[in-house]
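Only this structure's heavy atoms are used, side chains among them; waters, hydrogens and symmetry mates stay out.
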Amino acid sequence: MPTIMITGAAGFIGGHVAREAERRGGLSLRLMSHRRPPAGPATAGPATAGPDPATAGPGPSPGSGFGHGHGPGAVVPGHRTVRADLSDPGSLRGVCEGVDVLLHCASQIGGTPEANEAVNARGTAALMAEARRAGVSRVVYLSTASVYGRGAFRAARPEDLVRNPGSPTSGSRAHAEDAVLAAGGVVLRPHLVLGDGDRWVVPGLARILRALPGTVEGWAARTSVITAQDLARLLLGAGLAPAGDLTASVYHAAHPVPVTVRTLLGAVAAVAGPAADPAAEDLTAVRARELLAARGIAAQGLDMLTSDHWFDSDPVWRDLRCTPGPDFEAAFKELAEGYRRALLDI
């Protein structure tokens, strides 16, 4: 029975990974979690993982963008829980003993540059040193497409892109990638992640919808999304796949079919309650930024909605012999009621 350690197991993605591992069975789990801060959309801390809020969208984080809040936590009875702090290398001593596969899902999202450096860069480097010392056979790191910075991305492949992080969070996560790759590990880069525990993506989109009196440039851009459940399957699959099946060390992690921003926002509008009539006006991006600024909503994330952010993820599904879950519209239908309850206070 292989032993898998999951960092950030009380967070959004880490919690989903732990539950997916429990569902799969036949695995011994070690759940590593930082002392979890109070949950909430304004909280930044090392028990979360996902896109960098400074470059990935319109949520209310310190970097003003899409990111991920705390999930419901991983409640998986019968498995060992380890308390450790990536910003304290001493607390990592021995955490990897007896571990076969390390799924590193913990990241500092937002906060000070010093905190990002301590957790994401130095903390991951220290964790990799522990993994090497303990003889861990496979490391998989949950990174983010935000390491590319701003731009238009169309069917983009990792090997064709240059990282250009635009914030302390994405910069420190790029350093974390370097530490993982130097240790022979695998990196997965999702863009937008939806599901139970999301405190940034859909709530941030709801705020924008309610602040703008119509569409922006037709909302014609395409974007890559993935459900947290599908992402958990990919992370676990990458950890357990035979080495010969992996043709790359860096993969994009998304549903293979991109979604138009119009479709994405239409689904959000259906669960977010009253919003402006999208047919009332089609705004320019400049005008939209002005309106958002007037409402106190940072507008950097508008770039994510007005330019393509479509990342080629076919290789990860193919290499892992894994079938993607339902398309966006079917998947969101399953999530709609949970989002509707979560958005009552937005």
task = Mind checking the CE-OG spacing from Met5 to Ser28? Nearest 0.5 Å is all I need.
result = 12.0 Å
task = With side chain to side chain contact (heavy atoms under 4.5 Å, CB included) as the test, would you mind laying out the steps for Leu305 and Val216 before giving the verdict?
result = CA-CA 8 Å; Leu305 304 177; Val216 179; over 6 Å; no
query = Is a donor on one side and an acceptor on the other found under 3.5 Å between the side chain of Thr227 and the backbone of Gly195?
reply = no
key: Over all atoms of both residues, closest heavy-atom pair of Leu236 and Ala21   = CD2-CA, 3.7 Å
query = Once the angle between the rings of Phe328 and Phe332 is folded into 0 to 90°, is it parallel (under 30°), tilted (30 to 60°) or perpendicular (over 60°)?
reply = tilted
key: Atom pair NE2 (His191) and OG (Ser146), whose distance is rounded to the nearest 0.5 Å   = 7.0 Å
request  = Ignoring hydrogens and angles, tell me if any N or O in the side chain of Asp282 forms a donor-acceptor pair with the backbone of Gly218 under 3.5 Å.
outcome  = yes
key: Trace of the side chain to side chain contact (heavy atoms under 4.5 Å, CB included) decision for His252 with Leu161   = CA-CA 11 Å; His252 290 146; Leu161 298 176; 4.0 Å; yes
query = Ser313 side chain to Ala254 main-chain N or O, any donor-acceptor pair under 3.5 Å?
reply = yes
ask   = What pairs of residues pass the salt bridge (charged side-chain N to carboxylate O under 4.0 Å, His left out) test when at least one of them lies in residues 317-335, not counting sequence neighbours?
value = Asp245-Arg321
query = Between the side chains of Asn116 and Thr169, is a donor N or O closer than 3.5 angstrom to an acceptor N or O?
reply = yes
task = Sorted by first residue and then second, give each salt bridge (charged side-chain N to carboxylate O under 4.0 Å, His left out) pair with at least one member in residues 230-244; sequence neighbours left out.
result = Asp230-Arg233
query = What pair of heavy atoms forms the shortest contact from Val271 to Tyr339, and how long is it?
reply = CG2-CB, 4.2 Å
key: Arg295 (side chain) donor-acceptor with Arg207 (main chain) under 3.5 angstrom   = no
message = Could you check whether His104 and Thr124, counting side-chain N and O atoms only, form a donor-acceptor pair closer than 3.5 Å?
response = yes
Side-chain heavy atoms of Leu265 within contact of Leu205, under 4.5 Å = yes
key: side chain to side chain contact (heavy atoms under 4.5 Å, CB included) assessment of Val140 paired with Leu102   = CA-CA 6 Å; Val140 182; Leu102 169 59; over 6 Å; no
message = Show the nearest heavy-atom pair for residues Arg173 and Leu142, with the distance to one decimal.
response = NH2-O, 3.2 Å
query = How long is the span from the CG atom in Leu240 to the CG atom in Leu320, to the nearest 0.5 Å?
reply = 10.0 Å
note = d(His16 NE2, Ile13 CD1) to nearest 0.5 Å is 6.5 Å
ask   = Quick one: do Trp310 and Leu192 end up in the same hydrophobic cluster if we chain Ile, Leu, Val, Met, Phe, Trp and Tyr together by side-chain heavy atoms under 4.5 Å apart?
value = no
query = Would you say Val101 and Val136 make side-chain contact, with heavy atoms under 4.5 Å?
reply = no
Salt bridge (Lys or Arg N to Asp or Glu O under 4.0 Å) between Asp312 and Arg157, intermediate numbers included = CA-CA 5 Å; Asp312 179 16; Arg157 303 180 302 174; 5.3 Å; no
task = Could you tell me whether a side-chain N or O of His309 sits under 3.5 Å from a main-chain N or O of Ala152, the two making a donor and an acceptor?
result = no
query = Does a sphere of radius 6.0 Å around CD in Glu20 hold more than 12 heavy atoms from other residues, nucleotides or ligands, not counting ones at 6.0 Å or beyond?
reply = yes
For residues 176-189, run the donor-acceptor check on the side chains, cut-off 3.5 Å, and write out each pair with its distance to 0.1 Å, sequence neighbours left out.
unit_1: Glu177; atom_1: OE1; unit_2: Arg163; atom_2: NH1; d: 3.0
unit_1: Glu177; atom_1: OE1; unit_2: Arg189; atom_2: NH2; d: 2.7
unit_1: Glu177; atom_1: OE2; unit_2: Ser143; atom_2: OG; d: 2.6
unit_1: Glu177; atom_1: OE2; unit_2: Arg189; atom_2: NE; d: 2.8
unit_1: Asp178; atom_1: OD1; unit_2: Arg163; atom_2: NH1; d: 3.2
unit_1: Asp178; atom_1: OD1; unit_2: Arg163; atom_2: NH2; d: 2.9
unit_1: Asp178; atom_1: OD2; unit_2: Arg163; atom_2: NH2; d: 3.4
unit_1: Arg189; atom_1: NH1; unit_2: Tyr148; atom_2: OH; d: 2.6

task = Show the numbers, then the answer: is there a side chain to side chain contact (heavy atoms under 4.5 Å, CB included) between Val99 and Arg138?
result = CA-CA 9 Å; Val99 170; Arg138 175 74 52 80; over 6 Å; no
request  = State, yes or no, whether a side-chain contact exists between Val193 and Val201 at a heavy-atom distance under 4.5 Å.
outcome  = no
query = Considering only heavy atoms from C-beta outward, does the side chain of Ile226 approach that of Leu234 to under 4.5 Å?
reply = yes
note = By side-chain contact (heavy atoms from CB on, under 4.5 Å), Glu217 pairs with (sequence neighbours left out) Ala285, Thr306
request  = Kindly state each residue pair satisfying salt bridge (charged side-chain N to carboxylate O under 4.0 Å, His left out) with at least one member in residues 94-123, sequence neighbours excluded.
outcome  = Glu97-Arg133
inquiry  = What I'd like to find out is whether the side chain of Leu302 reaches to under 4.5 Å of the side chain of Arg289, using heavy atoms alone.
reply    = yes
ask   = Are the side chain of Ser107 and the backbone of Ile109 linked by a donor-acceptor contact shorter than 3.5 Å?
value = no
inquiry  = For Val95, is there any backbone N or O sitting under 3.5 Å from a side-chain donor or acceptor partner on Arg30?
reply    = yes
query = For the residue pair Thr215 and Trp219, what are the closest heavy atoms and their distance?
reply = CA-NE1, 3.4 Å
task = Look up atom CG in Leu264 and atom CZ in Arg262, then write down how far apart they are to the nearest 0.5 Å.
result = 12.5 Å
ask   = If every non-hydrogen atom of Gly123 is compared with every non-hydrogen atom of Leu92, which pair is closest and at what distance?
value = O-CD1, 4.0 Å
remark   = So the salt bridge (charged side-chain N to carboxylate O under 4.0 Å, His left out) pairs with at least one residue in residues 1-14 (sequence neighbours excluded) are none
task = Might you point out which heavy atoms bring Val17 and Cys105 nearest each other, and give the distance in Å?
result = CG2-SG, 4.1 Å
request  = Decide yes or no for Thr223 and Pro258: does some side-chain heavy atom of the first lie under 4.5 Å from some side-chain heavy atom of the second?
outcome  = no
request  = Would you give the length of the straight line joining atom CD of Glu22 to atom CZ of Arg24, rounded to the nearest 0.5 angstrom?
outcome  = 12.5 Å
inquiry  = Could you check whether any side-chain heavy atom of Val261 comes within less than 4.5 Å of a side-chain heavy atom of Met304, counting everything from C-beta outward?
reply    = no
ask   = Is the closest basic N to carboxylate O distance between Asp88 and Arg93 below 4.0 Å?
value = no
ask   = Side chains of Ser33 and Thr7: does their closest heavy-atom pair fall under 4.5 Å?
value = no
